[in-house]
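Everything below concerns the one structure shown next.
The chains referred to below are lettered A, B, ... by the order of the sequence lines, with proteins before strands, and numbering in each begins at 1.
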Amino acid sequence: MNFLAEIRSRFAKSLHSLTGFEGDVAPVLEQIRPSDGKFGDYQANCAMPLGKQLGKPPREIAAALVESLDVADLCEVPEIAGPGFINLKIKDEAITTALAAAAKDTQHLGVPQAAEPRCMVVDYSSPNVAKPMHVGHIRSTVIGAAIANVLRFLGHKVITDNHIGDWGTQFGMIIYGYKHFVDESALAKEPVAELSRLYKLVNSLVEYHGAKTSGLPAINERIAKQEQTVAELSAAEPTGDKKADKQAAKKLRQAEAALGDLRKEKESIEKKIAAVDEDATLAAMAAEHATIGRAVLDETAKLHADDVTNKELWNKFLPACMDEIQKTYDRLNVSFDHTLGESFYHDRLAAVVTDLQQRGLATESDGAMCVFLEGFAAPFIVRKQDGAFLYSTTDLATIAYRLEEWQPDAILYVVDHRQGLHFEQLFATAKQCGCENVELEHVSFGTVLGEDGKPYKTRSGSAVGLMGLLDEAVDRARAIADESPVLTTDDERQQVAERIGIGGIKYADLAHNRTSDYTFSYDKMLAMNGNTAAYMQYSYARVRGIFGKAKVTEEQALAGADSISIDSPEERALAMQLLRFAEALDKVVEDYRPNHLTAYLFDLAQAYATFFQNCPVIKAETEELKSSRLALCALSARTLETGLGLLGIECVERM
RNA sequence: GCGCCCGUAGCUUAGUUGGAUAGAGCAGCGGACUUCUAAUCCGCAGGUCACAGGUUCGAAUCCUGUCGGGCGUGCCA
């Protein structure tokens, strides 16, 4: 049962009989929403805007709506309050009936399936496979998986696709590394470790030369320029105009800050150079491979041109790379229906450009093939001067393939917000090529920040490895498991630590509004109190503990759902919260934001805790009451487990 | 320069086509343990919703301006 949806549909009927009302009911129904309990369970706020629209007093509209509203089976008599709020309180019988139905629906806990199922492609994670996954991949992976799970749970057809980067310069690096630095025995024994070593080695040499030949001079030049700007700004005489002087002071401040940033950047470049210079072996390699940057691009180009040797190497290395990222996915318990990376679209790219040209959308400019779009300052470049294709080209080919293969109603891209412009241009271009009927959505998210408020990096400035991050979280979670009085074996403690640690990382990420940046903190995500995975998992374990004490299974407890009593306020509040699960999931899907679900589950855990504190279960006054309360416990456990499961978070029986 | 996003309690934040007294959690203070797991619960305190105008029955939310911050911006992804 979804009370909100049900009430809205009743109101829709009532609106049709409202004299003078014409037009779309949907926006009016939006004005009917859950209430915070002070005035009832739901409130309809539509009478006020309707009053304005129809030129009648809102209270009169409210009265007319209530008059024709048929909700007697669901609600107590509606009350009109204030300027025209309609307050609705769900009848206790309706609640207990819905609970009984939810208990019988083992698959969906009473959550209705979508009336019009949509076919949705969800594109998330998308790492570069030759590089180790880092902290930046968490959000896309975790948010994308959660959205896909929820959509599927609601009855939509979901196709998940991991658009991996398996065709880029990283492979040029590995190929170059293989040709010059490989340790064959290491490659045979531990291919992933050896490939990773080669990647890192070549990358550091490329960066070394890049820093020396262009990076350092460029930054010096920028610093000199910035110093001049600062000097000019600070030399400027006050004009006497207050506003102008304030502006000037601000400009100076900003210029000085920018100069500071540049100097820091220079420091890190110098550090990279020093790291090679100070290591005799590396320095010798660097001297020997002076043109490594160019050579790596050449190896990449040869791969793209179907060079036999490089293609063979690519075929040889790819499985090992895939195994490596698969380890991360196994640990995160995330999977995909398809993994169609950049390489899959390789031979379709030329056709994309030709097609754009034939449609008259793409034209040549400065040797590059560009789509000039109205409303955009920069062109959407689909082929470079040197003839190489870009990710814009691949993305267009990918859309075409997905439409052809799956005929989706929507394609969601769970990608960080810095690529916003790219997707705006991509979608605008696609719309002009016959993709008008598909919803293309950039489900963007903010940056993961360190506790200093800057993007989360290691002390040396490199990206934080994802596996190391998970290990650290699990290590710290182990301290929580070690404190548990109920965990007896080391194995069990370790399993619990794993679930708390990984769950903590996922939950912290999902609990934040995806559009804002969020601050990564082990201490906060692993706290036992507050809105964390550990608290949610503990809540679940406590509920499960009841069944052990009462010597019943969850299924037996659930059987009592046919006659649940909600006489106490705590029981009623818990029951209502249980029945709002469907609403929470609807909200997640509405704007693709899983934080609505974490918020719901946290509220549920709190409602349960309050119930548990005030309503004895095993020691209930009567057998009937005990059975009723056990059923509430069982539904709470099921809902917590199901909700957390949709978020990709596993529960534990005891902790 | 131009474009996009953001600014809510000491900290982390919820709040989306405008709704009733802006909700939480953490930290702080005060209560409740011969326990159904106190790893919990209850209460208190804490807010000029960055600032200034405007729109109206009503604004954290919409509009304009200001201040502060992040990101992006022709050949990386």
Legend entry - A/R418 vs B/G3: side-chain N/O to OP1/OP2 distance below 4.0 Å: no
Legend entry - B/U61 to B/A50 separation - P atoms, rounded to the nearest Å: 8 Å
Inset, instruction - Using the P atoms only, state how far B/C62 lies from B/C5, rounded to an integer number of Å. - result: 11 Å
Inset, instruction - Pick the P atom in B/A45 and in B/A24, then give their distance to the nearest Å. - result: 12 Å
Inset, instruction - May I ask whether A/F602 stacks on the base of B/G25, given the cut-offs of 5.5 Å between ring centres and 30° between planes? - result: no
Inset, instruction - Determine, for A/Y42 and A/R580, whether the Lys NZ or Arg CZ falls below 6.0 Å from the six-membered ring centre while staying within 45 degrees of the axis. - result: yes
Inset, instruction - Give the rounded distance in Å between these two atoms: CG of A/N513 and C1' of B/G70. - result: 15 Å
Inset, instruction - With C1' as the reference atom in both, quote the distance from B/G7 to B/A14 in angstrom, rounded to an integer. - result: 15 Å
Legend entry - Distance between P atoms of B/G47 and B/G10 (Å, rounded): 7 Å
Legend entry - A/R542 or A/E342, whichever maps to the more 5' nucleotide of RNA chain B: A/R542
Legend entry - Residue mapping more 5' on RNA chain B - nearest nucleotide basis, A/Y538 or A/A368: A/Y538
Legend entry - Sugar-phosphate only, base, or nothing, as touched by A/V486 at under 4.0 Å among non-hydrogen atoms: nothing
Inset, instruction - Answer with base, sugar-phosphate or nothing: what part of the nucleic acid does A/N87 contact at a heavy-atom distance below 4.0 Å? - result: base
